[in-house]
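From a predicted model like this one, the values you see are computed outputs, not experimental measurements. In what follows, residues are counted from 1 in the order of the sequence shown.
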Amino acid sequence: MTAPIPALVVGTGFGCRIHVPALRATGFEVVGLVGNTPEKLAKRAAQNGIARHFTDLDEAITATSAKVVTIATPPSTHAALTLKAIAHGCHVVCEKPFAFDAAEGQAMLDAAEKAGVFHMVAHEFRWLPDRALFGRAIAEGMIGDPRFLVMDQFIPFCADPETPLPKWWFDKASGGGWLGAGGSHLMDQIRAWLGEFEDVSANLFLTSDRKADVEDSYSMRFRMKSGVEGSMQQTAGAWGPSATLWRCAGTKGTVWTEAGKVFVADKQGTRELAVTPDLELPPAPPAEEGARRMSHFEIGPFTRFCEALHAGIEGKPSPSAVPVPTFRDGLASMQILDAMRASSANGGAVTKVG
């Protein structure tokens, strides 16, 4: 048995709820928690069975000899925290959206590559079975050459302005807005399926009756470097049950998701694709006493994410066929988000990515 790898978690919200249990389930020892507010920090550390807590990341790394730092804080803080961790020679996980903008993302990637540390951006939803299976259908040629992708979603997260949500989601100075909070996952997913974006035409706007200077919705048309055309619309401000339409049409067939299942239609008819054992999620770990509720939709893929993190730190191949999202992927996502924001500010003008 090898000794657990010592890890620090920065952030007392999602960091405690998802990072901590996923790290513990995959061979890491959470040796400290880092946050801003001492009273809240002490409470969260106690709730999650973390022996030490700190308000300064430099002090935390020095005191605990941590080898890994995972960052689950508002986007505007990602660059400074990441660069501190890298300066200590730590491997780093950074939450999405990767940075405040692509310029910060480039600096983070450059520093990580120069230091030779292992780096990942938290696009754990690549490991959701339906998304991985959707991508595999495209990669294995089940639909021929992909030509057209549509991704539309109605989500009720922000519909009621009284619903408590992470403060940064609606704080522009913190890097907020639904495009980063939720849309960044989908931009990364499209890249994982179809490669790089060429250009976009986008609009960002509010659907809900929320007083905010950032969006809870966006719409976009895009073109990939491969020539695939696509459109996507997502709102987190819609009352009612969630609704999703994801379909990719190719020269020989179409693949789509429906209620967590994946289907392909072609000349032979329509069939459901089975989730193979290598794409299954692990069972959810038991919630520790006093810990906050966690969703298996989140903890399952994040556990697979942390398995890839552990393997990468040890210089081993990832145990999953799902491509590991690195800082290079984080930068690419930020370039897409920056282009979408620029397009929206210019009346939806077609804007080149990167």
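- Ser174 places no side-chain N or O within donor-acceptor distance of the main-chain N or O of Gly176, the cut-off being under 3.5 Å.
- Ion pair Arg304/Glu307 flagged as a salt bridge, since at least one NZ, NE, NH1 or NH2 atom sits closer than 4.0 Å to an Asp/Glu carboxylate oxygen.
- Put simply, the side chain of Ser184 never gets that close to the backbone of Ala181: no donor and acceptor are under 3.5 Å apart.
- Between Glu229 and Arg147, none of the side-chain N atoms (NZ, or NE/NH1/NH2) sits under 4.0 Å from a carboxylate O, so this pair counts as no salt bridge.
- Between Arg328 and Glu113 there is a salt bridge, since at least one side-chain N of the basic residue sits less than 4.0 Å from a carboxylate O of the acidic one.
- Judged by distance alone, with hydrogens and angles left aside, the side-chain atoms of Thr64 form a donor-acceptor pair with the main-chain N or O of Ala60 at under 3.5 Å.
- Within the structure, the ring-ring contact (aromatic ring centres under 6.0 Å, His included) test picks out the following pairs touching residues 223-279 (sequence neighbours left out): Trp256-Phe263.
- In this structure, the side chain of Asn48 does not engage the main chain of Ile50 through any donor-acceptor pair within 3.5 Å.
- Trp127 and Pro323 make their closest contact through CH2-O, 4.2 Å (heavy atoms, listed as atom of the first residue, atom of the second, distance).
- Sorted by first then second residue, the ring-ring contact (aromatic ring centres under 6.0 Å, His included) pairs that include residues 176-197, not counting sequence neighbours, are His123-His185, Phe125-His185, Phe134-Trp193, Phe157-Trp178, Trp169-Trp178, Phe197-Phe222.
- Not one N or O on the side chain of Thr62 forms a donor-acceptor pair closer than 3.5 Å with the backbone of Glu59.
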Query raised in the report: Between Arg17 and Glu298, is a salt bridge (charged side-chain N to carboxylate O under 4.0 Å, His left out) present by the stated rule, with each step listed?
Result: CA-CA 10 Å; Arg17 190 164 62 83; Glu298 297 168 311; 2.5 Å; yes

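- Ion pair Asp199/Arg223 flagged as a salt bridge, since at least one NZ, NE, NH1 or NH2 atom sits closer than 4.0 Å to an Asp/Glu carboxylate oxygen.
- A salt bridge links Asp209 and Lys211; the closest N-O separation between the charged side-chain nitrogens and carboxylate oxygens is under 4.0 Å.
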Report task. Applying salt bridge (charged side-chain N to carboxylate O under 4.0 Å, His left out), run through Asp130 and Lys261 and close with a yes or a no. Result -> CA-CA 6 Å; Asp130 58 340; Lys261 298 179 180 180; over 6 Å; no

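- Side-chain atoms of Asn346 never come within 3.5 Å of backbone atoms of Ala342 as a donor-acceptor pair (strictly under, hydrogens ignored).
- Judged purely by atom type and a 3.5 angstrom limit, Ser343 uses its side chain to pair as donor or acceptor with the backbone of Ala349.
- One finds a salt bridge joining Asp58 and Lys84 here, because a Lys/Arg side-chain nitrogen approaches an Asp/Glu carboxylate oxygen to under 4.0 Å.
- The minimum heavy-atom distance linking Asp338 with Asp101 is given by the pair OD2-CB, 3.7 Å.
- Residue pairs meeting the ring-ring contact (aromatic ring centres under 6.0 Å, His included) criterion with at least one partner in residues 71-103, sequence neighbours excluded, are Phe98-Phe327.
- Residue Leu8 forms a side chain to side chain contact (heavy atoms under 4.5 Å, CB included) with just one option from Ile71, Leu57, Leu33, and that option is Leu57.
- Side-chain atoms of Asp152 come within 3.5 Å of backbone atoms of Gln233 as a donor-acceptor pair (strictly under, hydrogens ignored).
- Ion pair Arg191/Glu196 flagged as a salt bridge, since at least one NZ, NE, NH1 or NH2 atom sits closer than 4.0 Å to an Asp/Glu carboxylate oxygen.
- Salt-bridge check for Arg210 with Asp160: failed, with every basic side-chain N at 4.0 Å or more from each acidic carboxylate O.
- Looking at Thr251, its side chain does come within 3.5 Å of a backbone N or O of Asp145 through a donor-acceptor pair.
- The backbone N or O of Ser208 sits less than 3.5 Å from a side-chain atom of Asp216, completing a donor-acceptor pair.
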Report task. Mind running salt bridge (charged side-chain N to carboxylate O under 4.0 Å, His left out) on Asp329 and Lys96 for me, showing each step along the way? Result -> CA-CA 11 Å; Asp329 296 293; Lys96 57 78 216 167; over 6 Å; no

